[in-house]
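Contents: one structure, followed by commentary.
All figures in this text were calculated on a predicted structure; none of them were measured in a lab. Just so you know, these numbers use all the heavy atoms, side chains as well, and skip hydrogens, waters and symmetry mates.
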Amino acid sequence: MADLLGTELSEEKEAEIELKRRQKRPWDELHKSAKIGLTAELPETLGFYDISAVRREQQQEQSADPSLSRFIAAELTRGYFLEHNEAKYTERRERVYTCMRIPKELEKLMIFGFFLCVDAFLYVFTLLPLRVLLAVLRLLTLPCCGFRAHTCPYCRRSSGSRLLQPAQVCDVLKGLILVLCFSMMHYVDYSMMYHLIRGQSVIKLYLIYNMLEVADRLFSSFGQDILDALYWTATEPKERKRDSIGVIPHFIMAVFYVFLHAILIMVQASTLNVAFNSHNKSLLTIMMSNNFVEIKGSVFKKFEKNNLFQMSNSDIKERFTSYVLLLIVCLRNMEQFAWNPDHLWVLFPDVLMVVLSEVAVDIIKHAFITKFNDITADVYSEYRASLAFDLVSSRQKNACTDYSDSVARRMGFIPLPLAVLLIRVVMSSVKVQGALSYTCVFLFYLGLVSLKVLNSIVLLGKSCVYVKRANMEDKLFERPSTAPPSSGKPPSKTEQERCPTPPGESKVDKTSAKPCSPPSSSSSSSSSVTTQPIPRTDLFPSPSHCRLPCCSSKPSSNSST
């Protein structure tokens, strides 16, 4: 019995050992061979221990050891997922798209602004002489007509005590300034100035050109204020005749400014002409590289939309001025070579280099400014709509200013000094002799008038389209309330400039005066932009206040008129 129990126990032990061998875990042998250190905390999946996780942990521990091969392998197989930061990279992609749209949108604005400057510049040569002629004819014929009609010429018109309308007074002043400055420019020798500049070294000419650019911007910023002061002093209502004497110092100041600005532009054109005629073209290269220095001074600054708008207007004015300077340089060079057309092709590469450098600098500058300040490319369409709004509002029935003056204020472009210099260069370069020559000049003048009228019509149509797209059409017909503001604050400076109040009028009278603004109308802009502005009669005394003998004798006829 003892043997039987011993054999049964031995069989049971062998069965248990065999069962243990079958259920033996595979990592026991690895633990015995010291390949994997078995720990008490092993990852368990579905009740079983995961040997692959242990191996991954072991590989991470082994990779912590410094090894060049493992580092290179990690660099070659390392990956990343951009979708984990989708918003960031979408924004970066939109910035790239914005930079790609900048050249197209910027050039649209530049082209529109360029033709605005062309319109204001052609006005000086085409319509301004005709308007001055009409004003002079009115001065000559109005007393005779008034004497024949037995009415006072000072009270016959709705403008009260004025012989001329305020716009006609401004036109006559502009014509006088042009004539006086043109006659003064004859005493300035262009050839002597050219040779004087040519004798200087390259470094001096580079410094001179930079100084001239800075001076031109300073003159442009202050010159329009001088002209506006002259226009307002000449047209503001005056209680006494001796008050008109104040026009004389303002007129002398305006003539002096236009003359100095014209000389400054002449020196700038002479410097550019010397750069064109230099043999090694080093000066021209240095002058063109000066444009890229402008990027350094503007790109890394903080810009808001208003600041960018001012810079865009300044770039438009600078580009137009550069084109006029290139025209002056070409005229002077063609005169020296007896108008040989072959020499024009010699100048063409240099002219093209100047133009392309201007365009490239503007594109790069605006692209990076919009990138660094998070400004979209659609802002240039807003700028274009703003310029178009100025043009359309200047054509309104009760416009407060001429369009050429609004362009000068907006862009800093004053056409009078540039027109004086161009007339001086053309008169010295082209000799007009004989009836045929005068006939050609007259035909050329008619061509300029046709170009001015065609340009104005196209610009007006495009401006109406831009204003409608920007939903600014309702602002053209807004009637400001005549009631005093609830805050009791005085009107802003811009409102005073738009609707100036005559001296001696109280603050209460200002609110009751007729506003100088476009009236509310249900008609479309196309029907109102072609009407004649109506002069304001509230700024002038009524006919009953006239002290002339002819008025005192017949008050009834004057009151009826």
Side-chain angles (χ1 to χ4, degrees), residues 110 185 188-223 259-301 311 313-337 343 346-366 368-369 412-414 417-418 421-422 424-425:
M110 288 289 178
M185 287 293 291
V188 180
D189 193 354
Y190 187 91
S191 301
M192 182 185 68
M193 184 180 298
Y194 172 79
H195 290 288
L196 181 64
I197 295 174
R198 190 172 185 177
Q200 306 299 323
S201 61
V202 176
I203 301 300
K204 286 185 179 180
L205 292 180
Y206 174 71
L207 296 176
I208 289 173
Y209 193 78
N210 289 338
M211 293 169 60
L212 291 175
E213 284 189 346
V214 176
D216 179 60
R217 294 184 180 182
L218 296 178
F219 271 65
S220 299
S221 63
F222 189 64
F259 177 67
L260 288 181
H261 200 174
I263 290 180
L264 187 144
I265 299 175
M266 178 181 284
V267 176
Q268 195 172 1
S270 301
T271 308
L272 188 61
N273 196 7
V274 170
F276 269 62
N277 295 329
S278 59
H279 297 287
N280 53 2
K281 304 295 181 181
S282 59
L283 177 59
L284 185 62
T285 305
I286 293 175
M287 290 169 59
M288 293 307 101
S289 64
N290 186 36
N291 293 330
F292 290 91
V293 179
E294 184 181 355
I295 299 176
K296 178 182 178 182
S298 58
V299 166
F300 303 103
K301 292 182 180 179
M311 174 175 286
N313 293 329
S314 178
D315 292 338
I316 293 171
K317 175 253 178 184
E318 183 179 354
R319 185 177 295 190
F320 180 79
T321 306
S322 300
Y323 292 162
V324 177
L325 290 179
L326 291 175
L327 176 62
I328 294 173
V329 169
C330 291
L331 288 176
R332 296 297 299 177
N333 280 274
M334 293 297 291
E335 179 195 3
Q336 296 297 325
F337 287 88
H343 184 67
V346 178
L347 297 173
F348 182 75
D350 297 334
V351 173
L352 185 63
M353 184 174 68
V354 174
V355 173
L356 291 180
S357 65
E358 289 282 346
V359 175
V361 167
D362 290 340
I363 290 176
I364 295 174
K365 180 173 65 177
H366 284 266
F368 282 97
I369 286 176
F413 171 67
I414 305 177
L418 204 58
L421 178 60
L422 187 60
R424 168 72 173 83
V425 173

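Residues that satisfy the side-chain contact (heavy atoms from CB on, under 4.5 Å) test with I208, not counting sequence neighbours, are L205, L212, T271.
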Trace of the side chain to side chain contact (heavy atoms under 4.5 Å, CB included) decision for L326 with F276: CA-CA 10 Å; L326 291 175; F276 269 62; 3.7 Å; yes
Stepwise side chain to side chain contact (heavy atoms under 4.5 Å, CB included) test for F259 and I263: CA-CA 6 Å; F259 177 67; I263 290 180; 3.3 Å; yes
CA sep, side-chain torsions, deciding dist, call: Q268, I328, side chain to side chain contact (heavy atoms under 4.5 Å, CB included): CA-CA 11 Å; Q268 195 172 1; I328 294 173; over 6 Å; no
Audit row: L418, F413, side chain to side chain contact (heavy atoms under 4.5 Å, CB included) steps and yes/no: CA-CA 9 Å; L418 204 58; F413 171 67; 4.0 Å; yes
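Of all non-hydrogen atoms in P417 and I265, the two that sit nearest each other are CB-CD1, 4.2 Å. Taking both residues in full, the closest heavy atoms of A215 and L264 are given as CB-CD1, 3.4 Å, listed atom of the first, atom of the second, then distance. The shortest non-hydrogen separation linking D315 to M110 is CB-CE, 3.4 Å. In plain terms, the two heavy atoms of R332 and S191 that are nearest each other are NH2-OG, 3.7 Å. Contact between V188 and R424 at its shortest, heavy atoms only, is O-NH2, 3.0 Å. Contact detail for S270 and Y194: the closest heavy-atom pair is O-CD1, 4.2 Å.
Looking only at distances, no side-chain donor or acceptor of S220 sits under 3.5 Å from a matching main-chain atom of R217.
In this structure, the side chains of N273 and M193 stay at 4.5 Å or more apart for every pair of heavy atoms. Side-chain atoms of V329 and V351, non-hydrogen and from C-beta on, never get closer than 4.5 Å to each other.
Sorted by first and then second residue, the side-chain hydrogen bond (donor to acceptor under 3.5 Å, both in side chains) pairs involving residues 349-363 (not counting sequence neighbours) are K281-D350, R319-D362.
The CD1 atom of I197 lies 10.5 Å from the CE atom of M192; values are rounded to the nearest 0.5 Å. With rounding to the nearest 0.5 Å, the separation of CD1 in I369 from NE2 in H366 is 6.0 Å. With rounding to the nearest 0.5 angstrom, the OG1 atom of T321 is 11.5 Å from the CD1 atom of I316.
Within a 6.0 Å radius of CZ in F368, other residues, nucleotides and ligands contribute 12 heavy atoms or fewer. Around CE of M211, the count of heavy atoms belonging to other residues, nucleotides or ligands within 6.0 Å does not exceed 12.
Taking the six-membered ring where tryptophan is involved, the planes of F337 and H343 are essentially parallel, since the angle between them stays under 30° and well short of 60°.
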